[in-house]
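Have a look at the structure below, then the notes.
Quick note on labels: first sequence line is chain A, next is B, and so on, each numbered from 1.
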Amino acid sequence: MDHFPTNWGNPRNEDGESYNTYPMASNKVPQGVQQIAGYGHASGHPTTHTQSPVVTGTSVLGLKFKDGVLMAADNLASYGSLARFRDVERLHKVSDFTVIGASGDISDFQYVKHLLDAQMIKEYNADDGHSLATPHVFEYLWRIMYNRRSKMNPLWNTFVLGGVHKGENFLGAIDLKGTPYQSPSIATGFGSHLATPMLRKALDNAGGSENLTREEAEKLLVECMKVCWLRDARSSFKYQIAAITSQGVSISEPHDLRPLTYWEHGRDVRGYGA
Amino acid sequence: MFRNQYDNDISTWSPQGRLHQIEYALEAVKQGSAAVGIRSNTHVVILALKRSSGELAAHQQKLFRIDNHMGIAIAGLVSDARVLSNFMRTECMKSKMLYDRPLPGSRLVSMIGDKAQINTQNYGRRPYGVGLLVGSYDEETGPHLYECLPNANCLEYVAVSIGAKSQSAKTYLEKFAKEFPEADEDALIMHGLHALRETLQQEKELNLNNAAIGIVGKDKDWELIEGDRLKAYLDRLEAGGGASTTAAGDAPAEGASTEDNAMETD
Amino acid sequence: MMSTVPSELPVTAPIEHRFDPYVDNGGTLLSIAGKDFCVVAADTRLSEGYSIHTRYVPKSVKLSDKTVISMGGCYADCLTLTKRIQQNMEASLVAPMWYRHAHGKTMSTAAIAQMLSIMLYQKRFFPFYSWCILGGLDEEGRGAVYTYDPVGSYEREACRCAGSASSLIQPFLDNQINFKNQASERRELSLDQVLRITKDSFTSATERDIYTGDYLEIFVITSNGVELQKMGLKKD
């Protein structure tokens, strides 16, 4: 048995070792060589930075409405084309009024969750009536992402941050290059092609997010999730929706998109070799 | 002077349970010229008496801007105060850089407390020789006034004074403390000037050179009141213009005060 | 395949997959100096490739009552640089002093201009990918425009356009502001004329440049302070 994962073959047949799986095969330092410049590890490996994501989540959607912000993401974490983990939560409650959603590398997301939780615990322990609000968390997250990209060692994610602060709804995104932006609707990854046109059209028709009720917004978001599921090959029918209002955060249990689709037509189709 | 056996270094207790070096540091604060702070429900005013070392010398700076929402007054060693104010400014900028949030006054004050405490417990160090009045306006919790001393005590007050003859100012402040919460900017400043005047030596007067006023509050960034505006307040003071509705007049004589910490908030 | 590790395997061509930290987020900015005013304008679109991330993000920031900075290029770099300028105006890391804290006043336009050049050059070998234009009033109250390349070369000019539609707008400004290829003598333009030229520049650029559009923010700097005007542009 070959014990080196790099020799097992990759889920996608692309340019060689795109997953930086560790340990890499054939790590023998040439005989007689004590130290090679750049080979920082005792094992003889060079120091490696994330060059591409490994286990990934697909789109995250976000939409402002009259009384708050809605976010949606499915529960799938893919390993290349393999649907590897099917009940992963990609929406995370940061504080009473802030939710983070992650697309991209799942382990990087878990690290960021850890950082944010540590920040919130620090605030809680100060016990002085101050806490980090959504814009402050957004700024912090931006500094993290920008600093990592500046070290040429990025966190391979696009994060969406939703929240409510001082009666204002907040929806923003930050990508792996540290680009922060806010918008009434946000869709990352494949969703930027599939869902953004639907979300922007609905917002334009309504005349802005302040005219969108929660029911309308939720219906729209589910429709977007359905379209993403039908056309994004790395997506799943199992998804969650988070709502952030002045009442606080609620993240739903996983929902199923399958009942919203109808395939019984196929039963009556004849003449395609069936 | 009587030589004390137990004041050679900071980390030796006297048998009476005292740390003499710390008490000497507190004396350094008392020898600095006075500073006064008052807080209302919306603003904090900080005032100080500036000294000059001679007729031809400039007056020593007593008020320092820390950030838009914060300023301090100092009494004691100005050089130590500069070190501390640089620290405070840096911390405020860090908070802006990392969170885009003005640093809450209480957080900064407890950081100073931690710094000052290290100087009271480690052999070979000396406590800061300066007392600070910190006025800050925090978005979530409103105006705050803190006092930081070399013994690493940091306390919050509605009104307080430190430095030479500060007890006289405290007596004035205690007398009118009830009026402070509802006082507007003008009234607060006038109260401050009255209190500050109590700390003057005989036959000295407040003037444009020796008085310093800083204010921070709701919708108001930290600002020094100087020049014509300062003159207007001083003129009012001289004309006997009271800040109080119950006529300021002369404050009761020194010693009429009750307890030292009567105005301490919880 | 394992080109980074000494190997007894057959050597294949090295595969390069390197992280590119830069991204061009598009956007256009321009600034025109007048006799006693300065105009700084920029669109608000933020794009990446064929995607529009958001339609409204300000590219210009008021630094003082006399100075406005505008930037285009890699938005993350621009925003970071802006933030650092603002911090340095409080406490300069470039000069060993704390400008506002030390001097009790805000920096002049010329001082900010010099500082920005130093800040850009300090990152000469990992540059901020940002095209900067600094607009404001000088010490005499005249309009001033300072323009930069990403590594800090700068000069004072009468007008400049930078960013994704700069090649469309700059020749137009050369003609209209600097009177290049015109028979008439050069003359000072009024604020009204400058505003009209600015708006026309952007509406025209929006037609041809996919990275320019959505909204236009115009900062008008006069001795009365900084006034912000907003105007819609085409969203297609």
Can you tell me if [atom1] on [X] sees more than 12 non-hydrogen neighbours from other groups inside 6.0 Å?
X: A:Glu210; atom1: CD; result: yes
X: C:Lys235; atom1: NZ; result: yes
X: C:Tyr215; atom1: OH; result: no
X: C:Tyr154; atom1: OH; result: yes
X: C:Tyr50; atom1: OH; result: no

For residues 69-81 of chain C, give me every residue with a non-hydrogen atom less than 4.5 Å from any non-hydrogen atom of chain A.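 Hits under 4.5 Å: C:Tyr75, C:Ala76, C:Asp77, C:Leu79, C:Thr80.
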Report, by ascending residue number, the residues of residues 42-49 of chain C in heavy-atom contact with chain A at a distance under 4.5 Å; give 'none' if the set is empty.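 Interface residues of residues 42-49 of chain C: C:Leu46, C:Glu48.
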Go through the atoms of A:Ser150 and report whether side chain, backbone, both or neither lie under 4.5 Å from a heavy atom of chain C.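 Contact with chain C involves both backbone and side-chain atoms of A:Ser150.
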Using non-hydrogen atoms only, which part of A:Ile174 is less than 4.5 Å away from chain C: side chain, backbone, both, or neither?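 Neither part; nothing is under 4.5 Å.
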Side-chain (A:Lys177) to main-chain (C:Tyr22) donor-acceptor, under 3.5 angstrom: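 Flag set: sc A:Lys177 to bb C:Tyr22 pair under 3.5 Å.
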Most contacts with chain C, counted as non-hydrogen pairs under 4.5 angstrom, among A:Arg200, A:Arg143, A:His193, A:Met145: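 Looking at each option in turn, the highest pair count goes to A:Arg200.
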Is there a side-chain contact between C:His53 and A:Ser192, using heavy atoms and a 4.5 Å cut-off?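 They are not in contact (no side-chain heavy atoms under 4.5 Å apart), so the answer is no.
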